[in-house]
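A short worksheet on the structure shown next.
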Amino acid sequence: MRRQYPFHLIEPKWQQFWEKEQTFRAWNPGEKIPQGHPFAQRHGLENKKADANSLPPKFYILDMFPYPSGAGLHVGHPEGYTATDILARYRRAKGFNVLHPMGWDAFGLPAEQYAIKTGQHPRKTTEENIANFKRQIKSLGFSYDWSREVDTTDPKYFKWTQWIFLKLYNSWFNPETNKAETMETLRFPPKQNMTEADKRAYRDSQRLAYVAEAPVNWCEELGTVLANEEVIDGKSDVGGFPVVRKPMRQWMLRITAYAERLLNDLEGIDWSHSLKEMQRNWLGRSEGAEIAFEVRHNTFDSKEREFFHDTHWLTVFTTRPDTLFGATYMVLAPEHKILSQITTPKQKEAVEDYKSFVSGKSDLERTELAKEKTGVFTGAYALNPVNGERIPIWIADYVLASYGTGAIMAVPAHDTRDYEFATKFNLPILQVVQPPNPKTDWRGFVDEGISVNSSGPEISITGLPTTEAKKKITDWLEAKSLGKKTINYKLRDWLFSRQRYWGEPFPIVWKRDQDGKLFHEAVPEHLLPVRPPNLDDYKPTSDGRPPLARATDWVKLANHVERETNTMPQWAGSCWYYLRYLDSQNSARPWNNLVEKYWMGTLEPRLPESNQEIDKEIKRVVDAAIFSPRHSRRTAIIGRVPKAVAAMAFQVSGLNIEDYFFRLDSYGVRHAFLQHKVEAFEKPRGQRALAAEDFYKLPAVYAAPDHIEDGGINQLGRRVLRFHKRINGIAIVAEEVLTGIKCLALQTMFVRETAGDELQPARDTAIGVSLSTADTDRSEEKFISKNSPVNQPTLGVDLYVGGTEHAVLHLLYARFWHKVLFDLGYVSTPEPFFKLVNQGLILGEMEFYIFRDKNGERVSAAGIVDIEDAAETLVGKEKVTGAKVVAHKIDASEVEKRGAFFCWKNPDLDIRVDFRCFKMSKSRGNVVNPDDVMGEYGADAFRLYEMFMGPLEMVKPWNTKGVEGVYRFLGRVWRLFVDEKSETEFEQAESTTEAQTHRELLEKIQLSAAIKDVPASPSQLKALHACIKKVTEDLDALRFNTAISALMVFVNDAISWETKPVSGLRDFLILLAPFAPHLSEEVWQKLQNPRHPQSVSLSYHPWPEFDPAVLIEDTLEIPVQVNGKLRDRLRVAAGATREQLEAASLASEKIKFFLEGKAVKKIVIVPMRLVNIVLE
RNA sequence: GCCGGUGUGGCGAAAUGGCAGACGCACAGGACUUAAAAUCCUGGGACCGUAAAAAGUCGUGUGGGUUCGAGUCCCACCACCGGCACCA
């Protein structure tokens, strides 16, 4: 494609300019901003030291930093980076102090494996890769503050990773305060005569970082152990090598202590629904009961009596205590400790055989081959506590030693797995739950119903619904000390050590006490960082000894003290990098506290300036009232003011806010509401609808807007809203305190009754979006939208963008570390990432496949079924014959569109072709290299295209033709501004001069003569302000694709203007700049002052204000429908009344035709929008 | 199996319950050109019409429902994508 504009000169020019001028430096409280910096000019900070109060509000916008692989950047990286860069530039223009950093997550296996192969030090590989990544990222013109760059493999960085590890090492989790505390607060158990060794052992057992001998995931090929999160289907996440369970001594982090908080705090952060679900899933909370079963030896015959000296107790975990009467056998995990004590001699051999059979299986076999249940009887029996029934105890590998108590009570009638097992081994199946639908088979029915056959001598739950039955039986068990309510999590402690070279060494040494017993101790903080030794051989050893152990000089310290030779996993460095960015040059501390508070938004918030007219006192109280923001992307949550806070607020202000509700919008702006009315609606099936009084018991309400009808004007002259639909749930009519805007929220979520008095919303069943406001009063609507992106900081990182692949690894670990640091007082927010967005995957370009049968004849895809993706090709079956066919990729030029299909270009066009997109992969050869795209179309076009493809979160296929489309658009922008003749001269000069002077030749290019310093015409203003409105709103909502289309619409219009008013075009450039910064800067410079080409960057120029007044039309085109079908359009005056609209509609000739001979039943008129005539 | 997400032209997509398909790609026709590229203009969901129009009918995965009006809200289902998967 012909070059549209000289991006090859413009882009490097501005990248160098920004770097030289430090245009995108983010300023910390206490820093002095250099003279003349546009940020200082904009915010009045010249010659001043910027303290936290004089700095504008912060905006922290973060990318997931990349692992610098040898392959270089792929097109997925710039997708997220472009989105964040656009927002960073937008926020800068809006007046924020924007923190937008970049760095390298550089520890990792590929560099180490390359080292093993070639002997090249991983540091060298890493440095080369970083250099290449940096070059590529810089060529995209992102506005990163490179002065804050971090590299996890830099000793200056991992010094603090080790420092945080020591914080974990020197802390324990206090269950009473539900938080981590330093070891000083740990009390020893009240036991006499604890020796120093006892005390040490106790302390070590309580640390957040501890050593455990546990069965771990050992990967032979990688020569290292792996975390649960790194094992997928029994294979290593990296490389896909088999993983086996093997007991080893390893470092663990006590993440399980935080399971509850990691789960609960998800509610307060703005992450996508699916991502939160993934985390919830991984945490795997389940509520149930532990029940103790007695295993009594006198239940066996006298000959065996001597083998059983005690009564044993076996505890099981179940989520369905209500099915206890249906427990017909028990199952233990083969690894269960009690096994040796209860197995009868007769069964001993069988049990031992089974145990060795199971231990020989890999994890993969244990899960994949588990379709058929296996197990053996132990010979022992337990007593069912409710009725004294003797139930046999089995062992089977479908019960996991690591979850719950490693033992279950099997209720085959109401558990799928137990049912399979019982069927195979002919164990009794006893119904204890009756399904609600009598036609449902009770066998294998696992849902809730009514308890049956559940009566014993002391307790009966027969006839109770499941929820009540659970509660009653649990209470009874608790009273008898036979059981208790329990919560279990699937989450396991984090296996934190790796047998690798290329990772952070542990700041730990091993010593021996007087008795020769080995113990560990922290390396003192002042000796950090502990650097890894130099090695010649990086290979792991097959016995699990880490490669660091080879460096004996490094390992062995004086007095027989030895270093820990394991290294930390790759995730360690990424657990806290977002904190190091805040203060990356600080060599004394990981970060400064004030700086952390400023960037994480915990300093005193400032009031939005635009709200000056609002009663400040109320605002202050409102600010004080909410300290725990709870909202998510789609759902605004209204919270009630806690009583204590309300009382406090009353003392301060005399204002009673107890009846207020608060809602945080997606910008963190607080809206207070006064409730007017609550109504309950139709009773839903199976569950009971909320009643008005229930509302007061709810801790939070998910609000959902639905049908709102205009209910006329009330005494105050305000529109009243009415809803008349039947809705299952409740409706709240409320008025926003600050603005007086009436809101209506329909609450269509149902509640389940729980045991206590408290009602809990059924999780995430809210269907709606947010409170909606009356759309009848336009000035109120304006008020809302104007105030939405307000200057109000949010807690933590304001926006974090990255791929889904880190949903449970990085994001869970980082939240965990952050919470520990929060507990210990090093950070000020409980969560690190306030809002998080996952970018969607970019697939390869569309590919065409033509099928051939076994004779090589081409066959139409129309007759092919069961098409599957088989390594690099497609296979399918012929529908008629069932014969196998294989597809071959063909070029797009061999294909012709025919109706809804693509056909092979033979004369008949009768052979249909299959078309689809695949994930980009080296082996398929469909990887798009960003360097190539940028070389051909430039960085601006590349950025623009990645954003124009579709919504950020969606999976979308790459299409090079699409890049050409946006490239053409940029060319049109260029031609909108420049004089064609001067450009031709430039091109001629460029082709005949030395390359070095090319950039100066840019100055040859003149502005178009059509650009004049004249006021814009009304229609020009209209086009501009429509664009301002759309781009601003879309950027706030992260809708980049539609923002770009608005820019295109403007340019399509403006290009035909005879005179182009310079002020309007300047505003347009500000709008375009976040998307295409290089082109915008270049044109801006020409526009500003052609005689002083080195004028200041447009990056800090204020974002244009949208003026709704210019968009008001004199006349409108109103569609007229008859029975909901469009029949005519009328042009009417904008202020036309209902009566005028009705008369005009009925007068229309076209409408008359449709009304002929029919009676008009009703006429629906929506002023300014539409008329609908309903006939009988 | 469980959980979550998504289904709209040939393709990427857009639409506070109110004119479905903005914007872009691909395509077709035209202008400019010796020609091509680039650029500019025009067209466009399908069907039925017609010399060409106009008018009309059907259209947002399927089937129901609510509503004057549904891509959008409710119920049931189907397909695809992603995650988890013997977690009691």
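Note on naming: letters A, B, ... go to the chains in the order of the sequence lines (proteins, then strands), and numbering restarts at 1 for each one.
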Requested in this report: Select one nucleotide: of B:G5, B:C58, B:C68, the one nearest the side-chain heavy atoms of A:Lys1162.
Outcome: B:C68
Query raised in the report: Between the base of B:C84 and the side chain of A:Asn281, is there a donor-acceptor distance below 3.5 Å?
Result: no
Requested in this report: List in chain and number order the residues that pass salt bridge (Lys or Arg N to Asp or Glu O under 4.0 Å) with A:Arg3, two or more places apart in sequence or in another chain; answer none if no residue qualifies.
Outcome: A:Glu990
Query raised in the report: Per the atom types in the model, does the base of B:G18 pair as donor or acceptor with the side chain of A:Gln1121 at under 3.5 Å?
Result: yes
Report task. Round to the nearest Å and state the distance from A:Leu1126 atom CG to B:A70 atom P. Result -> 14 Å
**Report entry** Pairwise P distance for B:G9 and B:G61, with rounding to whole Å
**Finding:** 8 Å
Query raised in the report: With sequence neighbours left out, which residue pairs that include part of residues 955-971 of chain A fulfil the salt bridge (charged side-chain N to carboxylate O under 4.0 Å, His left out) condition?
Result: A:Glu79-A:Lys956, A:Lys961-A:Glu964
Query raised in the report: From the list B:G18, B:A88, B:A85, which nucleotide is the closest neighbour of the side chain of A:Asn1172?
Result: B:G18
Query raised in the report: Does A:Val955 or A:Met278 map to a spot on RNA chain B nearer the 5' end, using the closest nucleotide for each?
Result: A:Val955
Query - Separation of the C1' atoms in B:G24 and B:A13, to the nearest angstrom - result: 8 Å
Query raised in the report: Base, sugar-phosphate, or nothing: which does A:Tyr5 touch, judged by heavy atoms less than 4.0 Å apart?
Result: nothing
Requested in this report: Identify all stems in which RNA chain B takes part, counting only runs of at least 3 consecutive pairs (Watson-Crick or G-U wobble, each distance under 3.5 Å), and give each as one range with another, ordered by first number.
Outcome: B:1-7 with B:78-84, B:10-12 with B:23-25, B:27-31 with B:39-43, B:45-47 with B:56-58, B:61-65 with B:73-77
Report task. Report the relative orientation of the aromatic rings in A:Trp958 and A:Tyr945; use parallel for angles under 30°, tilted for 30 to 60°, perpendicular for over 60°. Result -> perpendicular
Query raised in the report: Partners of A:Ala382 by side-chain contact (heavy atoms from CB on, under 4.5 Å), sequence neighbours excluded?
Result: A:Phe293, A:Val295, A:Met330, A:Ile391, A:Ile393
Query raised in the report: Is it true that A:Arg1127 and A:Glu1149 have a side-chain N and a carboxylate O under 4.0 angstrom from each other?
Result: no
Query raised in the report: Hey, are A:Asp979 and A:Lys981 close enough for a salt bridge, meaning a charged N less than 4.0 Å from a carboxylate O?
Result: no
Query raised in the report: Which is true for A:Arg1127 with a 4.0 Å heavy-atom rule: it touches a base, it touches only sugar-phosphate, or it touches nothing?
Result: sugar-phosphate
Requested in this report: Please collect all salt bridge (charged side-chain N to carboxylate O under 4.0 Å, His left out) contacts where either partner lies in residues 398-412 of chain A, sequence neighbours excluded, each pair once.
Outcome: none
Query raised in the report: Judged by atom type as modelled, is there a donor-acceptor pair below 3.5 Å linking the side chain of A:His414 to the main-chain atoms of A:Thr323?
Result: no
Query raised in the report: Rounded to the Å, how far apart are A:Asn1123 CG and B:U57 P?
Result: 12 Å
Query raised in the report: After noting the C-alpha distance and the side-chain angles of A:Glu287 and A:Thr319, does the key distance pass the side-chain hydrogen bond (donor to acceptor under 3.5 Å, both in side chains) rule?
Result: CA-CA 6 Å; A:Glu287 228 172 277; A:Thr319 52; over 6 Å; no
Query raised in the report: Using the C1' atom in both, what is the distance from B:G18 to B:U72, to the nearest Å?
Result: 11 Å
Report task. Scan A:Arg975 against the nucleic acid and name what it touches under 4.0 Å (heavy atoms): base, sugar-phosphate only, or nothing. Result -> sugar-phosphate
Requested in this report: Report the nucleotide, chosen from B:G4, B:U6, B:A26, that has the shortest atom-to-atom distance to any side-chain atom of A:Glu964.
Outcome: B:A26
**Report entry** Rounded distance in Å - CD (A:Glu287) to C1' (B:A88)
**Finding:** 15 Å
Requested in this report: Can you label the angle between the A:Tyr403 ring and the A:Phe317 ring as parallel, tilted or perpendicular, going by 30° and 60°?
Outcome: perpendicular
Query raised in the report: Which nucleotide in the list B:U39, B:A88, B:G4 gets nearest to the side chain of A:Ile408?
Result: B:A88
Query - Sugar-phosphate only, base, or nothing, as touched by A:Val1166 at under 4.0 Å among non-hydrogen atoms - result: base
Report summary line: Winner on side-chain proximity to A:Glu277, out of B:A88, B:C3, B:G12, is B:C3
So which protein N/O to nucleotides 21-24 of chain B N/O distances come out below 3.5 Å?
from  : atom 1 : to        : atom 2 : distance (Å)
B:G24 : OP1    : A:Asn1052 : ND2    : 3.0

Query raised in the report: Quick one: A:Phe1154 CZ to B:C68 P, roughly how many Å, whole number?
Result: 21 Å
Query raised in the report: Checking all strands, does A:Ser286 fall into the base, sugar-phosphate, or nothing category for heavy-atom contacts under 4.0 angstrom?
Result: sugar-phosphate
